[in-house]
Amino acid sequence: MAADPSRALAFACFGLIACAGAVGDHHQDSGASSKGGAAGTSLDPGTGGTGNVAGAEGAAGGSGSSGGAGSSGVAGAAGGDPTGSAGTTGAAGRGGTTGAAGTTGAAGRGGTTGAAGTTGAAGTTGAAGTTGAAGTTGDPAGYVPALIGVGYGGIRILSRDGGKTWGDRSYETTSGGDDDVLLRAVVYGKGIWVATGWKLWTSTDGVHWTDHGKLKDGPVKSCAIIEGLAYKDPYFYGVCDGKVFRSSDGLAWTNHSTIPSTGSHVYLIYRGGKFVAYGDTKTSYQSDDALTWTTMSGIEQATYCENTWKSETDCKDSSWYDGAYLRADWQGKIARSTNGTSFSVVYNDDQKNTLYQSRAIAAGFVAPKP
């Protein structure tokens, strides 16, 4: 069936996923911590003085009279020892009374305490790195956060730097191949990428893909095309004309629920803690378990941007990852904006294979760039 360009340009934010492949370099944003300052040194202790000498002998008493008291010992000067030497006892007066006791020497002056060393300045904390894709059970060790977009000609293309650069392209045909080769949805979970349209593709690294053929020929016999995919541990979810299917491995699918009154071309995603879906009716539905669905009042074609759910037009007809808007433009272009106003073309496919819609992008983990 021929692709409707207007439908191909209907954009929407797509669900958390991760991929494996090689495109732009992966940036690690954590800064190195600085060293603390050196501790200060203690001052040498002060040197004390020496205690005073003994008190002088008392003078002898006069003839026939009592001898005067001996002079008191002079107080010991402050010294380096904690206590000055005691004054010696005055000698007895000759023929007189006993000389008075010498005065006790004053306590010696203690040495000065060394000043405390200055505390070294604290090292500067490195800047926080940007948040990568949410991990899921079974993510391969050493893989890096990435985005993957899918679309016409069976294109699968990835970015390891938040949509700034794109590469590791896979495809079936050139010049916008439609119908059987058009991929309309992609999702990542527990180390597996799943991409669907009329066919089912899987990848474990985001770079090399396996073709599992048409859905109706095996994977999902009761459904011809899946245009919306979601993942919530430990299951993958796919929607086909309002019917929700569930799979533990992305290959074998069973019927799970039905979303009411969506019309055709149904989109599905799990993001921001809930399942969200809509179709040609533009009515948005939400669910916690993909079983029971309620309408989202006042939101048409619900799209996740700036950490909340909005109508697609309020999200600039784009998907939103890593703080940037990503928009699929016709003839194989991908445009990017950090403010939702000024967009720059960051990828121009030389085979003219365009992403199905802006919503046909997902986040996950892929093999690091070789």
Side-chain angles (χ1 to χ4, degrees), residues 10-19 130-137 139 145-150 158-159 162-163 184-190 192-196 206 226-239 244-247 250 256-257 259 262 265-279 282-328 340 355-366:
F11 310 105
C13 300
F14 203 72
L16 266 176
I17 56 170
C19 63
T130 56
T131 304
T136 61
T137 303
D139 295 330
L147 303 172
I148 287 185
V150 299
L158 70 85
S159 171
R184 305 182 184 218
V186 61
V187 74
Y188 172 87
K190 56 185 177 185
I192 303 170
W193 287 93
V194 177
T196 58
I226 288 179
E227 300 180 81
L229 289 169
Y231 179 83
K232 180 184 178 184
D233 268 343
Y235 294 106
F236 295 92
Y237 296 82
V239 63
V244 179
F245 293 83
R246 191 175 75 171
S247 172
H256 184 66
S257 69
I259 308 171
T262 57
H265 306 111
V266 185
Y267 168 64
L268 175 68
I269 191 173
Y270 182 83
R271 200 170 179 190
K274 65 175 68 177
F275 291 94
V276 169
Y278 67 82
K282 299 186 179 180
T283 300
S284 302
Y285 295 88
Q286 61 186 349
S287 174
D288 294 328
D289 55 10
L291 283 172
T292 303
W293 297 86
T294 59
T295 58
M296 300 176 73
S297 178
I299 299 179
E300 286 192 342
Q301 297 174 293
T303 302
Y304 192 83
C305 67
E306 298 178 354
N307 298 314
T308 192
W309 290 99
K310 302 180 182 182
S311 294
E312 183 182 53
T313 54
D314 293 331
C315 286
K316 322 303 179 185
D317 295 323
S318 305
S319 61
W320 186 82
Y321 290 100
D322 297 328
Y325 294 91
L326 298 169
R327 189 181 69 201
L355 299 188
Y356 172 57
Q357 294 184 9
S358 297
R359 72 191 193 190
I361 297 175
F365 289 84
V366 302

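These numbers come from a predicted model, not from an experiment. Just so you know, these numbers use all the heavy atoms, side chains as well, and skip hydrogens, waters and symmetry mates.
Residues L147 and L326 are in side-chain contact: their nearest non-hydrogen atoms beyond the backbone lie under 4.5 Å apart. Looking only at side-chain heavy atoms (C-beta outward), E306 and Y325 come within less than 4.5 Å of each other. Counting heavy atoms from C-beta outward, I259 and V244 have side chains that approach closer than 4.5 Å. Contact check for Q357 versus R184: no side-chain heavy atoms found under the 4.5 Å cut-off. Counting heavy atoms from C-beta outward, E227 and V239 have side chains that stay 4.5 Å or more apart. Within the 4.5 Å cutoff, no side-chain heavy atoms of C315 are placed close to those of W320. T262 places a side-chain heavy atom less than 4.5 Å from the side chain of Y285. Side-chain contact between F236 and V187 is present, with heavy atoms from C-beta onward closer than 4.5 Å.
Remark: R246 qualifies as a cation-pi partner of Y235 under the 6.0 Å distance and 45° angle criteria applied to the six-membered ring.
For M296 against A302, the heavy-atom pair with the smallest separation is SD-CB, 3.9 Å. Residues D289 and L291 come closest through the heavy atom pair OD1-N, 2.8 Å. Residues L268 and A277 come closest through the heavy atom pair CD1-CB, 4.1 Å. When all heavy atoms are compared, the tightest approach of S247 to G250 is OG-N, 2.7 Å. Across all non-hydrogen atoms, the minimal contact from S311 to G298 is OG-O, 3.9 Å.
Taking a cutoff of 4.0 Å between a charged side-chain nitrogen and a carboxylate oxygen, K282 and E300 do not qualify as a salt bridge.
Atom SG of C305 sits about 7.5 Å away from atom NZ of K316, to the nearest 0.5 Å. Once rounded to the nearest 0.5 Å, the distance linking CG of L355 with CD1 of I361 reads 5.5 Å. With values rounded to the nearest 0.5 angstrom, D314 atom CG is found 11.0 Å from T308 atom OG1.
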Verdict with reasoning, Y278 to Q286, per side-chain hydrogen bond (donor to acceptor under 3.5 Å, both in side chains): CA-CA 9 Å; Y278 67 82; Q286 61 186 349; over 6 Å; no

Chi angles and distances behind the side chain to side chain contact (heavy atoms under 4.5 Å, CB included) call for Q301, R359: CA-CA 11 Å; Q301 297 174 293; R359 72 191 193 190; 5.8 Å; no

Y231 vs K190, side chain to side chain contact (heavy atoms under 4.5 Å, CB included): CA-CA, chis, key distance, verdict: CA-CA 9 Å; Y231 179 83; K190 56 185 177 185; 3.5 Å; yes

Full working for side chain to side chain contact (heavy atoms under 4.5 Å, CB included) between V194 and L229: CA-CA 8 Å; V194 177; L229 289 169; 4.1 Å; yes

Stepwise side chain to side chain contact (heavy atoms under 4.5 Å, CB included) check, S257 with W293: CA-CA 9 Å; S257 69; W293 297 86; 3.5 Å; yes

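With 3.5 Å as the limit, one finds no donor-acceptor pair spanning the side chains of D233 and Y270.
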